[in-house]
There are 2 protein chains.
Amino acid sequence: MTTSDAAAGSTLGAAAARLRVAVPSVADRVAAELRLQLAEGLLLPGARLTESTIADDLGVSRNTVREAFAELAAERLVVRHPNRGVFVASLEAGDIHDVYTVRRAIEVSAIRGGGSPERVAAVRAAVEEGKAAAAANDEEGLGSANQHFHGAIVALAGSRRLDTIMSQVLAEMRLFFHKATVDAHFYRGYLPDNEEICKALEAGELDRAGELLLAYLNRSEERQTAVHGE
Amino acid sequence: MTTSDAAAGSTLGAAAARLRVAVPSVADRVAAELRLQLAEGLLLPGARLTESTIADDLGVSRNTVREAFAELAAERLVVRHPNRGVFVASLEAGDIHDVYTVRRAIEVSAIRGGGSPERVAAVRAAVEEGKAAAAANDEEGLGSANQHFHGAIVALAGSRRLDTIMSQVLAEMRLFFHKATVDAHFYRGYLPDNEEICKALEAGELDRAGELLLAYLNRSEERQTAVHGE
DNA sequence: ATCGTCGGATTGTTGAACAATCGGCCAAAG
DNA sequence: CTTTGGCCGATTGTTCAACAATCCGACGAT
């Protein structure tokens, strides 16, 4: 869950990288800023991102913005149309199914592998975080708690690569959630599922946890496609 | 569900994209060239890639090379050391386990979901390709046939995202296979496994196919870590 | 109303420039 | 002899300005 800092490098480069004062490249900071605006729904799907405009707004060079775009494009948050510009990615029905296919693969695999007690505890923490948000009627908190829950499940596997894949998938989903989030009770119904899945995980009933999670994801996909229209 | 061909793009952008004459950007072509040299073992792990050198060699601008580097870095084929340059990625023991964790997740998930007859046929074709290569004593062909086999398995799911993830993982593995490939009989032992897995798949025994594939991957990881030296 | 053409705007790519940073070398100090 | 310190060359990070290529929309001709 934490693993906030960047991935490690080579043998002793790892230590060096961990020690290094984090001075993200300008391009990285631009990408981070855009990622933020995307997550907050400030930039809606389909919107166009003009290089020069962003360069001026953020006070950086066009080339730097370009590098940032490359990052975001690699994460599928943005789509490049050659000679036309980059646009905020907009997912359609097929993409939703695709995203859920990825989630089914990595989440179910991760939970069926179990995980260290600390990692299971992280899952539990996310469940409680969701309950607290529900009690406080904090819709935004409910949403992020749910993402923490699924992120923690993937983190069970302890794989750097699976973690980044999952975080990218979640970032993609945030992109078109802004439509669905208006439905205030959207996540609330998932709380019991999370609780049950977590219990099964804690009890070591990994196969059952996997089944539950799979069913959950299937239902979630169904609902998403319904909300998204067709 | 069929959506036989890749998921569509934007409403009519799909047609445009399909129609568009493929004119990869210069940066893309540079990236492709480097990818090729990486796959052929011309650029060994740990090797340094100097911007200006490559820019001169390929007759492009340094900025363009930089964009190509961004692409490759996103694919983990190359690692950026800030202010020091980019180096060909070199996987260590932990990375091998990590890569196999990803493979277990997506390959097993894909095979357990079955797939259309054509996609199953593609898996069968890869198996036969491997047999033919073995008969011809074509070690190189054996290796690529094996990759086709696993690629075809993931393709069963019909997910664009899973496909790209898998192709990236395979590209990563090619990076450090050059050490192992010297062992001429490396892949040969896997042929019977592939055959059996394929048979189970064709017979619709998806759970069993998943089990076999999982065992296969575990053995393969074991062997890889052994070859790679602890 | 349809088609061709033109113009404006934006992207793709280049080349040069400069500051920042790194690694290594060498000298001085302990 | 080892270590500390600083300098130098090389490479990267970033910016800027320019140009060709391409696209979109509008305008005008048929």
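Every chain is numbered from 1 and lettered A, B, ... according to where its sequence line falls, protein lines coming before strand lines.
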TODO: Please check the phosphate of C/dG12 (OP1 and OP2 only) for any side-chain N or O of A/Arg80 closer than 4.0 Å.
DONE: yes

TODO: Take the angle between the ring planes of A/Phe87 and A/His81 and call it parallel below 30°, perpendicular above 60°, tilted in between.
DONE: perpendicular

Task: Check: A/Asn194 side chain, A/Val127 main-chain N or O, donor-acceptor pair, under 3.5 Å - done: no

Open item on the list: Side chain of A/Glu51 only, heavy atoms from C-beta on: which candidate in D/dT12, D/dC16, C/dT11 is closest?
Closed with: C/dT11

Task: Under-4.0 Å side-chain N/O to phosphate OP1/OP2 contact, A/Ser25 with D/dT14 - done: yes

- [ ] Examine distances only and state if a side-chain atom of A/Ser220 and a backbone atom of A/Leu217 form a donor-acceptor pair shorter than 3.5 Å.
- [x] no

Task: Whole angstrom value for the distance that separates C1' of C/dT11 from CG of A/Asn83 - done: 6 Å

TODO: Calculate the interatomic distance between A/His81 atom NE2 and C/dG12 atom P; express it in whole Å.
DONE: 12 Å

Open item on the list: Looking only at side-chain N and O atoms, does B/Asn63 offer a donor or acceptor that is under 3.5 Å from a partner on A/Arg66?
Closed with: no

TODO: Establish whether the base of D/dG13 is bridged to the side chain of B/Arg62 by a donor-acceptor pair shorter than 3.5 Å.
DONE: yes

TODO: Report the nucleotide, chosen from C/dT13, D/dT12, D/dT14, that has the shortest atom-to-atom distance to any side-chain atom of B/Arg48.
DONE: D/dT12

Open item on the list: In whole Å, I'd like the distance from the CZ atom of A/Phe69 to the C1' atom of C/dT13.
Closed with: 17 Å

Task: Between D/dT15 (P) and A/Glu67 (CD): distance, integer Å - done: 10 Å

Task: Interatomic distance, B/Phe87 CZ vs D/dT11 C1' [rounded to whole Å] - done: 10 Å

- [ ] Measure from the side chain of B/Thr50, starting at C-beta and using heavy atoms only, and say which of D/dT11, C/dG15, D/dT15 lies closest.
- [x] D/dT11

Open item on the list: Nearest whole Å is fine: how far is D/dT12 C1' from B/Leu49 CG?
Closed with: 14 Å

Task: Out of C/dT11, D/dT12, D/dT15, whichever nucleotide has its closest atom nearest the side chain of A/Ser52 - done: C/dT11

Task: Rounded interatomic separation in angstrom, taking CG from B/Asn63 and P from D/dT15 - done: 11 Å

TODO: Would you kindly give the CZ-to-P distance between B/Arg66 and D/dT11, to the nearest whole Å?
DONE: 14 Å

Open item on the list: When you measure from the side-chain N and O atoms of A/Arg84 to the phosphate of D/dC24, is any distance below 4.0 Å, counting only OP1 and OP2?
Closed with: yes

Task: Side-chain heavy atoms of A/Val88 within contact of A/Leu77, under 4.5 Å - done: no

